[in-house]
Amino acid sequence: MKTLLTEAELQAGVARMALDIATAYGERPLTIVGVLTGSIVLLADLIRQLDMRLRVGVLQASSYRSGTTRGQLTINSEMMLNVTGRDVLVIDDIFDTGHTLVEVVAKLKELSPTSVKTAVLLRKHGRQEVDFEPEFVAFEIPDEFVVGYGLDYADQYRNLRYLAALEPEDLADDRT
Ligand code: IMP
Ligand code: MG
């Protein structure tokens, strides 16, 4: 594995994004919706950088993937807050093909929020398959499979304090 972003770089990027978010919303209270599971570390750090009125909810988007390939997406929103008439900010770990966020945003819009915007830690370069851009992006990264700071490979590595790119030999090793 090689380090792509250090702990200090991640913290600085999240602080920068928090400032952009605070500036964009001003005095408007915010409903933050974290997409489980990859957003948990970002969510915890980001909300503590936001000195404003906000509520936090979560939903789960899982694509029955194991490893690095994607499958059918299912969204479980049983744990989410009421978003009707609220300014909603969806938080996710990475904008890769973009299908996850597009589907999550579509689902939230059915609930008649005042607005829905999206914030991601990472946007992977050259991978997008959708006509959609997140409003807030902390880092652009090259097209590599990354882990750490909430991101996993086969449910491992979410606890790394830095962001690392997996090398081909790491990908071949599927033991848990
Ligand atoms: P998308 O729907 O293709 O944008 O994929 C979004 C989801 O795929 C993210 O929330 C991650 O869970 C997962 N994902 C995409 N790329 C990576 C990666 O490089 N490392 C870990 N997870 C990834
Ligand atoms: Mg995810």
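All ligand and atom numbering here is 1-based and tracks the order in the structure. Here the structure is a predicted model, which means the values were calculated and not measured.
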TODO: Number the atoms of ligand 1 from 1 as they appear, then name those within less than 4.0 Å of a heavy atom of Asp96, with their elements.
DONE: 1 (P), 3 (O), 4 (O), 5 (O), 15 (C), 16 (N)
Open item on the list: Leu43 and side chain to side chain contact (heavy atoms under 4.5 Å, CB included): which single residue from Ile47, Ile40, Val41 fits?
Closed with: Ile47
TODO: Quick one: pull up CG in Leu108 and CE in Met80 and give me the separation to the nearest 0.5 Å.
DONE: 5.0 Å
TODO: Indicate the ring-plane relationship of Phe145 and Tyr153, choosing parallel, tilted or perpendicular according to the 30° and 60° boundaries.
DONE: perpendicular
- [ ] Can you run down the salt bridge (charged side-chain N to carboxylate O under 4.0 Å, His left out) pairs that involve residues 39-57, sequence neighbours left out, and say none if there aren't any?
- [x] Asp45-Arg48
Open item on the list: Suppose the criterion is salt bridge (charged side-chain N to carboxylate O under 4.0 Å, His left out): which pairs have a residue in residues 29-42, not counting sequence neighbours?
Closed with: none
Any [X] heavy atom less than 4.0 Å to ligand 1:
X	answer
Gly98	yes
Glu144	yes
Lys124	yes
Val146	yes

Open item on the list: For atom 14 (N) of ligand 1, tell me which residue out of Ile94, Leu101, Asp93 has the closest non-hydrogen atom.
Closed with: Ile94
Task: Glu133 and Arg123 ion-paired at < 4.0 Å - done: yes
Task: Contact partition for Thr97 relative to ligand 1, non-hydrogen atoms under 4.0 Å - done: both
- [ ] Using a 4.0 Å heavy-atom threshold (strictly under), name the region of Asp92 that reaches ligand 1: side chain, backbone, both or neither.
- [x] side chain
